[in-house]
Amino acid sequence: MKNLNKTLMVLACSVSLLCGCSSQATKKGDDATTELYQRNVLALSWMQNAAEYRALCYQAYNGAYEHVKASLKQKTDKPRAIILDLDETVIDNIPAEATINEVARNGKDFNDYWLAWESMASANAMPGAAEFLKKVDKLGVQIFYVSNRSCMNVDFTNKNLKSLKFPMKNKIRCKDNTSNKKARFDKILEKYNVVAFLGDNVTDFPISIYGVNGEDRNKIVDKNSSQFGVKYFVLPNPVYGEWFSQIDPNLLKQSHSKMVELVDKSVKNEPALKKAISK
Ligand SMILES: [Mg+2]
């Protein structure tokens with residue numbers, strides 16, 4: 001990811017920014033890149049406007065809260081806790097993503113823009129997030145934010161979460177040297193009975209999926225299917241994420257036009273229908 005191609009900012013920027021990776025400015029006037037930007041607009045619009053998006057957020061938080069509440073009836077030898085991701089799990093960066101979508105189109109540098117966004121500390125809470133966190137806090141359950149935002153800029157994130165009145169009893173487990181959250185999860189699990197995990201990326205869950213590409217990601221999720229909606233709660237995010245590796249493990253290293261080709265190929269149509277309606 002370090003030598004991220006100056007391509008696919010609509011897809012790659014978001015991944016790289018949340019992984020804390022470097023990226024370069026996008027070349028102005030590249031047709032394939034422009035096309036990819038335009039494709040991402042629909043996903044951005046859905047997250048900002050669709051009632052269905054809000055409903056899915058409420059669904060995740062309500063399910064998680066019911067599970068946390070029910071866990072209080074079970075005996076435990078450790079204090080109870082929940083672990084949450086931050087970006088697109090409890091805070092909303094989609095206005096920034098939309099802006100980046102525009103700015104990158106003009107060939108400006110993505111990383112500078114992201115730092116500006118982080119330093120503004122003005123991300124809003126996702127629908128239902130603040131209420132959910134408040135209720136969990138009231139139950140006496142510890143709340144841990146495990147985020148791949150860089151530890152270098154964690155003061156901005158602290159400021160942002162405080163302004164949203166999120167419970168902040170435990171320090172943010174930010175990204176030091178790896179985006180793999182396993183070590184940070186394990187450290188919390190040593191002392192706490194973690195009763196729920198919430199995230200918008202499957203790497204936000206302790207299912208050993210970090211670094212896994214392609215179809216194998218689906219296999220791991222299938223293996224853990226009984227836990228989703230039970231202990232693991234997923235928030236929707238079609239705009240960015242490591243799921244791009246399922247289009248192609250090397251998607252982000254491809255030329256712009258190759259990326260467009262690979263994205264197109266990843267969508268499977270129904271040949272019989274195509275034949276019938278093409279007559
Ligand atoms: Mg996230």
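Sequence positions, counted from 1, serve as the residue numbers for this chain.
Residues Asn153 and Trp114 have side chains not in contact (no heavy-atom distance under 4.5 Å, counting atoms from C-beta outward). A 4.5 Å side-chain heavy-atom check between Phe197 and Val146 finds every atom pair outside the cut-off. Trp117 places none of its side-chain heavy atoms less than 4.5 Å from the side chain of Ile100. Under the 4.5 Å side-chain criterion, counting only non-hydrogen atoms from C-beta, Phe244 is not in contact with Ser266. Asn160 places none of its side-chain heavy atoms less than 4.5 Å from the side chain of Leu86. Side-chain atoms of Ile94 and Glu88, non-hydrogen and from C-beta on, do get closer than 4.5 Å to each other. With contacts defined as side-chain heavy-atom distances shorter than 4.5 Å, the pair Met126/Asp92 qualifies. Between Ile91 and Phe166 there is a side-chain heavy-atom pair separated by less than 4.5 Å.
Between the OH atom of Tyr210 and the CG atom of Asn201 there is a distance of 10.5 Å, given to the nearest 0.5 Å. Expressed to the nearest 0.5 Å, how far CD1 of Ile83 lies from OG of Ser147 amounts to 13.0 Å. Distance CD1/Ile188 to NZ/Lys78: 12.0 Å, rounded to 0.5 Å. Distance NZ/Lys275 to CG/Leu273: 12.5 Å, rounded to 0.5 Å. Note that CG of Leu44 is 11.0 Å distant from OH of Tyr240, once rounded to the nearest 0.5 Å.
Qualifying side chain to side chain donor-acceptor pair (under 3.5 Å) partners for Thr89, counting only residues two or more places apart in sequence or in other chains: Asp85, Asp200.
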message: Set out, in order, the CA-CA distance, both residues' side-chain angles and the distance that settles side-chain contact (heavy atoms from CB on, under 4.5 Å) for Tyr61 and Leu235, then state yes or no.
response: CA-CA 9 Å; Tyr61 299 135; Leu235 283 300; 4.1 Å; yes
field: Intermediate values then yes/no, salt bridge (charged side-chain N to carboxylate O under 4.0 Å, His left out), Lys182 and Asp186
entry: CA-CA 6 Å; Lys182 187 181 183 305; Asp186 287 348; 2.7 Å; yes
- request: Using the side-chain contact (heavy atoms from CB on, under 4.5 Å) rule, take Tyr145 and Cys174 through it: C-alpha gap first, then chi angles, then the decisive distance, then the call.
  value: CA-CA 8 Å; Tyr145 306 108; Cys174 47; over 6 Å; no
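Residue pairs meeting the salt bridge (Lys or Arg N to Asp or Glu O under 4.0 Å) criterion with at least one partner in residues 203-216, sequence neighbours excluded, are Lys181-Asp204, Asp216-Lys219. For the salt bridge (Lys or Arg N to Asp or Glu O under 4.0 Å) condition, the pairs that include at least one residue of residues 119-142, sequence neighbours left out, are Asp137-Lys169. Residue pairs meeting the salt bridge (Lys or Arg N to Asp or Glu O under 4.0 Å) criterion with at least one member in residues 256-272, sequence neighbours excluded: Arg39-Asp264, Lys258-Glu261, Glu261-Lys265.
No donor-acceptor pair closer than 3.5 Å links the side chain of Arg217 to the backbone N or O of Ile209. A donor-acceptor pair is defined here as one N or O able to donate and one able to accept, closer than 3.5 Å; no such pair exists between the side chain of Arg173 and the backbone of Arg184. Judged by distance alone, the side chain of Asn93 and the main-chain N or O of Asp87 form no donor-acceptor pair under 3.5 Å.
Counting heavy-atom neighbours within 6.0 Å of Leu139 CG, excluding the residue itself, gives a total above 12.
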Quick one: side chains of residues 220-234, donor-acceptor pairs under 3.5 Å with protein atoms, not counting sequence neighbours, listed by atom name and distance.
from: Asn224; atom 1: ND2; to: Ile220; atom 2: O; distance (Å): 2.8
from: Ser225; atom 1: OG; to: Asp222; atom 2: O; distance (Å): 3.1
from: Lys231; atom 1: NZ; to: Val194; atom 2: O; distance (Å): 3.4

Output side-chain donor-acceptor pairs under 3.5 Å for residues 45-58, partner residues at least two apart or in another chain, one line each.
from: Ser45; atom 1: OG; to: Asn49; atom 2: ND2; distance (Å): 3.2
from: Asn49; atom 1: ND2; to: Ser45; atom 2: O; distance (Å): 3.0

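The cluster map of Ile, Leu, Val, Met, Phe, Trp and Tyr, joined by side-chain heavy atoms under 4.5 Å apart, puts Val154 and Phe144 in different clusters. Residues Leu133 and Val195 share a hydrophobic cluster, clusters being chains of Ile/Leu/Val/Met/Phe/Trp/Tyr side chains in contact below 4.5 Å. A chain of hydrophobic side-chain contacts below 4.5 Å, direct or via other Ile, Leu, Val, Met, Phe, Trp or Tyr residues, connects Leu84 to Met168. Using a 4.5 Å cut-off between side-chain heavy atoms of Ile, Leu, Val, Met, Phe, Trp and Tyr, with links allowed through other members, Val136 and Leu72 fall into the same hydrophobic cluster.
Residues Arg80 and Ser71 come closest through the heavy atom pair NE-O, 3.1 Å. The two residues Phe156 and Glu118 have their closest heavy-atom pair at CB-O, 3.1 Å. Asn148 approaches Thr178 most closely through the heavy-atom pair OD1-O, 4.1 Å. Scanning all heavy atoms of the two residues, the minimum distance from Thr99 to Tyr113 falls at CG2-OH, 2.7 Å. For Ser245 against Val212, the heavy-atom pair with the smallest separation is OG-O, 4.0 Å. Heavy atoms only, all atoms of each residue included: Asn269 and Lys274 are closest at ND2-CD, 3.5 Å.
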